[in-house]
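Values below: all heavy atoms of this structure, side chains included; hydrogens, waters and symmetry mates excluded.
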There are 2 protein chains.
Amino acid sequence: MKKIIDAKLKEKDYRLTDQRRTILDVMLKNPGKHLSAEEVFEKARKKSPGIGIATVYRTLEKFTEIGVLYKSVFESGKFRYEIYNSEIHHHHHIICLNCGKITEVQDDLLNDLERRIEMQGFKIIDHELKFYGYCPNCK
Amino acid sequence: MKKIIDAKLKEKDYRLTDQRRTILDVMLKNPGKHLSAEEVFEKARKKSPGIGIATVYRTLEKFTEIGVLYKSVFESGKFRYEIYNSEIHHHHHIICLNCGKITEVQDDLLNDLERRIEMQGFKIIDHELKFYGYCPNCK
DNA sequence: CCGATATTGATAATCATTATCATTTATATG
DNA sequence: CATATAAATGATAATGATTATCAATATCGG
Ligand SMILES: [Mn+2]
Ligand SMILES: [Mn+2]
Ligand SMILES: [Zn+2]
Ligand SMILES: [Zn+2]
């Protein structure tokens with residue numbers, strides 16, 4: 001994993017710094033979580049106490065750009081990030097309207113719909129699907 | 001349409017003011033568009049020159065709450081609103097990665113997937129599906 | 001080790017959205 | 001219609017997340 005990222009960084013003359021390593025570790029250690037910049041900052045500073053919040057923002061953005069992270073919005077005006085596994089198609093999310101819990105759905109099932117849209121002249125690269133409702137606990 | 005909204009407002013002791021009427025007009029006159037608060041403000045002040053931006057924010061929020069508008073995020077940290085037609089299930093969006101154009105897809109096709117998820121104990125209320133890719137012009 | 005260049009941390013700036021509050025309105029009631 | 005009361009408004013301050021700036025520092029190829 002780190003090898004791959006190392007290569008992706010090199011492609012664009014990006015350097016592998018301690019801070020970037022730390023942030024990557026944080027993300028790798030929290031699979032299935034969807035962390036905000038602030039949350040990443042809090043976790044990262046345990047390993048790299050001197051790290052600045054600006055570096056966290058910059059790194060999250062850069063990692064998203066090179067396809068290492070996936071960025072989404074669940075609640076009002078704040079981004080959340082998770083490791084992006086480009087091999088499997090991206091999963092969907094169910095957001096509980098009561099407790100806010102985010103659950104992942106591994107099924108995809110959008111291929112038919114995508115094909116239909118491409119018939120109309122579009123080229124689909126990615127999709128993002130969110131379900132809103134109630135989790136088993138809150139139902 | 002206005003009758004319905006009038007009724008929805010009354011339910012909660014909300015009042016029908018000139019400003020709210022103006023904002024509703026703006027939204028009704030822009031079907032298929034996805035307007036930001038700032039854009040609604042610019043259009044609204046042509047009919048109600050004295051209207052304040054705070055009122056626009058408040059009204060958009062209130063209309064969303066009572067189901068008159070639908071609120072979504074397309075780009076970084078900014079909400080966009082459109083008229084919400086609760087009779088037909090909500091359409092999907094295709095966002096062009098090149099020119100930013102937003103196209104609507106009327107197909108739904110998510111019922112199967114929703115049913116499958118509900119089998120696992122969830123209750124699905126709504127969904128939001130976005131496709132990212134290239135529009136016919138930019139392909 | 002050196003030099004060119006990318007990166008960092010501190011902090012100021014920006015941008016969208018919310019909160020505050022005194023003033024103005026909508027609406028129910030007599 | 002006049003009046004009381006609670007909701008709504010507009011101006012503006014405050015907030016919260018993100019981005020820009022810039023001098024100091026670190027990376028990395030040679
Ligand atoms: Mn996820
Ligand atoms: Mn739409
Ligand atoms: Zn829940
Ligand atoms: Zn386009």
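Following rounding to the nearest Å, A:Tyr81 (OH) and D:dA17 (C1') show an atom-to-atom distance of 10 Å. Between the CD atom of A:Glu65 and the C1' atom of C:dT7 there is a distance of 14 Å, given to the nearest Å. Regarding B:Leu35, its CG atom lies at a distance of 16 Å from the C1' atom of C:dA16, rounded to whole Å. Taking atom CZ on B:Arg45 and atom P on D:dG10, their separation rounds to 11 Å, with Å as the unit. Across the protein-nucleic acid pair, A:Ile23 atom CD1 and C:dT7 atom P stand 13 Å apart, rounded to whole Å. The CZ-P distance, from B:Phe79 to C:dA16, rounds to 12 Å in whole Å. Distance, A:Glu39 CD to D:dA17 P: 10 Å, rounded to whole Å. In this structure, A:Arg20 atom CZ and C:dT8 atom C1' are separated by 10 Å, rounded to whole Å.
The stretch residues 50-62 of chain A comes close to DNA chain D through A:Ala54, A:Tyr57, A:Arg58, each having a heavy atom under 4.0 Å from the strand.
Atom NZ of B:Lys123 has 12 or fewer neighbouring heavy atoms from other residues, nucleotides or ligands inside a 6.0 Å radius.
Distance alone, capped at 3.5 Å, is enough to place a donor-acceptor pair between the B:Glu39 side chain and the B:Ser36 backbone. Judged by distance alone, with hydrogens and angles left aside, the side-chain atoms of B:Lys130 form a donor-acceptor pair with the main-chain N or O of B:Val73 at under 3.5 Å.
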Listing time: all N or O pairs from protein to nucleotides 23-27 of chain C that are below 3.5 Å?
from, atom 1, to, atom 2, distance (Å)
C:dA26, N3, B:Arg15, NH1, 2.9
C:dT27, OP1, B:Leu16, N, 3.3

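Annotation: side-chain hydrogen bond (donor to acceptor under 3.5 Å, both in side chains) contacts of A:Glu104 (sequence neighbours excluded): A:His34, A:His91. Taking B:Tyr70 as the reference, B:Tyr84, B:His90 meet the ring-ring contact (aromatic ring centres under 6.0 Å, His included) condition, with sequence neighbours excluded. Residues that satisfy the salt bridge (Lys or Arg N to Asp or Glu O under 4.0 Å) test with A:Glu38, not counting sequence neighbours, are absent from this structure.
A salt bridge links B:Asp18 with B:Arg21: the closest approach of a Lys/Arg side-chain nitrogen to an acidic carboxylate oxygen falls below 4.0 angstrom. Salt bridge absent: A:Lys71 and A:Glu82 never bring a charged side-chain N and a carboxylate O closer than 4.0 Å.
Among the heavy atoms of the strands lying under 4.0 Å from B:Gln19 are primed sugar atoms or P, OP1, OP2 only; no base atom is included.
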*Can A:Phe131 and B:Leu113 be said to form a side-chain contact (heavy atoms from CB on, under 4.5 Å), step by step?*
CA-CA 10 Å; A:Phe131 293 101; B:Leu113 190 46; 4.0 Å; yes

*Does the pair A:His93 and A:Thr103 meet the rule for a side-chain contact (heavy atoms from CB on, under 4.5 Å), with working shown?*
CA-CA 6 Å; A:His93 293 114; A:Thr103 310; over 6 Å; no

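Of the candidates B:Arg20, B:Lys8, B:Glu65, B:Tyr14 forms a side chain to side chain donor-acceptor pair (under 3.5 Å) with just one, namely B:Glu65.
Taking five base pairs at each end of the helix from C:dC1-D:dG30 to C:dG30-D:dC1, the local helix axes there meet at an angle of 40°, rounded to 10°.
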